[in-house]
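Proteins get letters first, then strands, A, B, ... in listed order; numbering begins at 1 in each. Only heavy atoms go into these numbers, but all of them, side chains included; no hydrogens, no water, no symmetry mates.
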Amino acid sequence: MCPCLRAPKRRSPYSSVDSERYSSLVKSVMSTRVSSQTPETLQAEDEHVFGPVVKAQAPSSRPERRAPRTLHPFLNCGDVLETEEPESGPPTRILLNRGQGRSSVPSVTRILQQTQSPEQIFYLERWKRRMILELGEEGFREYNQNLFRQGKYFHSVLEELLESGETWKNKDPSETHKYPPEVQGYMESISHILEDVSAVRAIESTVKHDSLNYLGVADCVARFRGVLCVIDWKTSEKPKPFLSNTYDNPVQVAAYAGALNNDGNYKYQVENGLIVVAYKDGSPGHAHQLNAELMLENWNSWLLRLEKFTEQRLGDASSTFPEKRQEV
DNA sequence: GGATCCTTCTTCTTCTTC
């Protein structure tokens, strides 16, 4: 139909609606859309929410760079071929060397946390405010603690399983039922993905980039459908069917892989990454594989974040140092 | 023995039509 014929119809689509008659319907529809919040709570929320917006948008006056100043190779073009490395031995587990003046070597998590975009900070703050309104300060703290506890438990069970070479499906039910229902759900959720994981080479192992000077602990290095990957296990409350639902996780995985590729302790190279998302209700988890191209893209994002972190650090040092001198 | 470290998670939304 010609748009010019439709135009008059559009002008007042609700003018003929008996609004009195449908008022309860409209109310019920609207109430499900905006949840149980009242104008009072919304207003209170806005006071909190709109405060940080100004703060959050301020840095955008200085546009963010898209390419890192210094490019650094993701793969170490040495002469080591990963296929020469035996795959049959037990997985590597390089423990984090605690307390050796390591504060000078920042971690992947710390760098990602401290270099979030203004948008990220804004949405996280807004989410936090909303949760506190709903659960209260104490309730929110408990909610978070519970999420962390579940995540840690899930990781430890997975670690044990991979170390032993067992599969969740073949485990004796009397054993699997020992675990809390959420953990059983998470494991159920990813059991079909675990079938494609083989040749586990590292579990919860520290990776440190020799020249870029950062470190992290990679969850797992193994083959996924035959391709060697750095794997990151995640638990999630919400479904994450697309890679874009995983926020900074791809950058995190690329950072670990880049570190591993430039860490003398590992004699092989990793080109791909994998993010595995598990759900506690046992519904099928999602596996997001990052091919070489995606890894390079995220490696560049990582280099940018690393540069931003270093700049902030230098900025902090130059701004706090004079004060300290004045104190002396 | 206490302190610190790396992780563990959390975000993406709004307008209107057969």
Rounded to whole Å, the CD-P distance (A/E134 to B/dT11) equals 12 Å
The reported gap from CG in A/N300 to CZ in A/R305 (rounded to nearest 0.5 angstrom) is 13.5 Å
- prompt: Across the strands shown, which category fits A/D219 at heavy-atom distances under 4.0 angstrom: base, sugar-phosphate, nothing?
  reply: sugar-phosphate
Atom CZ of A/R110 and atom C1' of B/dC6 are separated, to the nearest Å, by 11 Å
Between CD of A/Q114 and C1' of B/dC5 the distance, given in whole Å, is 13 Å
Take A/W302 and A/Y214, measure what ring-ring contact (aromatic ring centres under 6.0 Å, His included) needs, and give me the verdict at the end. CA-CA 11 Å; A/W302 168 250; A/Y214 70 85; 4.9 Å; yes
A/R149 CZ to B/dT10 C1', in whole Å, measures 16 Å
Picking from B/dT7, B/dC9, B/dC5, the nucleotide nearest the side-chain atoms of A/T235 would be B/dC9
Q.
Base, sugar-phosphate or nothing for A/T206? Non-hydrogen atoms, less than 4.0 Å.
A. nothing
A/W127 CH2 to B/dT10 P, in whole Å, measures 7 Å
Atom CG of A/N245 and atom C1' of B/dT10 are separated, to the nearest Å, by 14 Å
Item to complete: Quick one: label A/Q252 by what it contacts on the DNA or RNA (base, sugar-phosphate, nothing), any heavy atom closer than 4.0 Å.
Response: sugar-phosphate
_Ring geometry between A/H286 and A/Y279 (parallel below 30°, tilted from 30 to 60°, perpendicular above 60°)_ = perpendicular
Tabulate below the donor-acceptor pairs under 3.5 Å that side-chain atoms of residues 144-152 of chain A make, not counting sequence neighbours, or state none.
residue, atom, partner, partner atom, Å
A/N146, OD1, A/R149, NH2, 3.1
A/Q150, OE1, A/Y186, OH, 2.9

Just call it for A/Y256: base, sugar-phosphate, or nothing, with non-hydrogen atoms closer than 4.0 Å on any strand. sugar-phosphate
Separation of B/dC5 atom P from A/L215 atom CG, nearest Å, is 12 Å
The nucleotide from B/dT10, B/dT8, B/dC6 with an atom nearest the side chain of A/K234 is B/dT8
Picking from B/dT10, B/dT8, B/dC6, the nucleotide nearest the side-chain atoms of A/H155 would be B/dT8
Nearest-nucleotide check on DNA chain B, A/F148 vs A/Y123; residue mapping nearer the 5' end is A/F148
Side-chain contact check for A/L147: nearest option of B/dT8, B/dC9, B/dT11 is B/dC9
A/S205-A/Y266 side chain donor-acceptor pair, cut-off 3.5 Å: yes
Walking DNA chain B from its 5' end, the first of A/T109 and A/E237 to be reached, judged by nearest nucleotide, is A/T109
Between CZ of A/F154 and P of B/dC9 the distance, given in whole Å, is 8 Å
query = Does a nitrogen or oxygen in the side chain of A/K240 sit under 4.0 Å from OP1 or OP2 of B/dT10?
reply = yes
